[in-house]
Amino acid sequence: IRLEKAGRNLKQDAGHAAAIQKLWSTYAQEMVEREKHHQTTDNLLEFPWLLEELRVSLFAPSLKTSQPVSIKRLEKIWKELIQ
């Protein structure tokens, strides 16, 4: 199904991919910083799974996700995690 839809919304797909990459990079950078300073990363462990759910939601919505996710929702969750 995804292959059939590929190419129809290249701009939208590129935007989604960029948003996911930005969230992933932010997460990875925070993990490196916390490990460097010997800080706990326990509260960040669920975030990569949320990113995977977001990928499914954006690129294969017919598969459904286990919980509601969106770029804005993950950005909000991220802000709460790093406070």
Side-chain angles (χ1 to χ4, degrees):
I1 293 172
R2 179 69 183 134
L3 286 174
E4 289 173 8
K5 293 181 180 182
R8 291 185 193 165
N9 296 315
L10 291 177
K11 262 187 166 176
Q12 182 181 18
D13 285 353
H16 290 156
I20 291 170
Q21 181 58 40
K22 181 181 176 187
L23 287 166
W24 182 260
S25 294
T26 302
Y27 163 77
Q29 184 177 9
E30 182 70 19
M31 288 293 285
V32 167
E33 286 297 314
R34 286 189 181 196
E35 289 173 358
K36 184 167 55 171
H37 298 301
H38 305 288
Q39 296 173 329
T40 184
T41 59
D42 291 348
N43 67 324
L44 303 180
L45 297 178
E46 185 180 345
F47 198 75
W49 294 108
L50 293 173
L51 286 170
E52 293 304 322
E53 290 287 307
L54 181 60
R55 284 182 209 271
V56 169
S57 174
L58 296 175
F59 296 109
S62 62
L63 295 177
K64 308 288 184 211
T65 58
S66 63
Q67 59 191 31
V69 290
S70 68
I71 294 169
K72 286 185 179 186
R73 189 176 296 227
L74 264 64
E75 288 171 342
K76 181 181 175 188
I77 290 170
W78 181 253
K79 286 179 184 177
E80 292 171 2
L81 287 174
I82 60 169
Q83 288 183 5

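Scanning both residues, F59 and I20, for their nearest heavy atoms gives CE1-CD1, 3.7 Å. For the pair Y27 and L44, the tightest heavy-atom approach, listed with the atom from each and the gap, is CE1-O, 3.5 Å. Counting all heavy atoms, side chain and backbone alike, W24 lies closest to L51 at CE3-CD1, 3.2 Å. Scanning all heavy atoms of the two residues, the minimum distance from T40 to N43 falls at O-OD1, 4.3 Å.
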Given the rule in the salt bridge (charged side-chain N to carboxylate O under 4.0 Å, His left out) test, do E75 and K72 qualify, once you have shown the distances and angles that lead to the verdict? CA-CA 5 Å; E75 288 171 342; K72 286 185 179 186; over 6 Å; no
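A salt bridge links R34 with E30: the distance from a Lys NZ or Arg NE/NH1/NH2 to an Asp or Glu carboxylate oxygen falls below 4.0 Å. A salt bridge links E52 with R55: at least one charged nitrogen is closer than 4.0 Å to a carboxylate oxygen.
Rounding to the nearest 0.5 Å places CD of Q83 at 9.0 Å from NZ of K79. Atom OG1 of T26 sits about 7.0 Å away from atom CH2 of W78, to the nearest 0.5 Å.
A donor atom on one side chain and an acceptor atom on the other are not found under 3.5 Å apart for S25 and Q29. E53 and S66 are linked by a side-chain donor-acceptor pair at a separation below 3.5 angstrom, with hydrogens and angles left out of the test.
A single hydrophobic cluster is seen to contain both L81 and L74, as judged by linkage of ILVMFWY side chains at heavy-atom distances under 4.5 Å, directly or through other members. Residues I82 and L54 share a hydrophobic cluster, clusters being chains of Ile/Leu/Val/Met/Phe/Trp/Tyr side chains in contact below 4.5 Å.
Residues L58 and I71 have side chains in contact (heavy-atom distance under 4.5 Å, counting atoms from C-beta outward). Residues L50 and Q67 meet the side-chain proximity criterion, which asks for heavy atoms closer than 4.5 Å.
For CD of E46, the number of neighbouring non-hydrogen atoms (other residues, nucleotides, ligands) closer than 6.0 Å is 12 at most.
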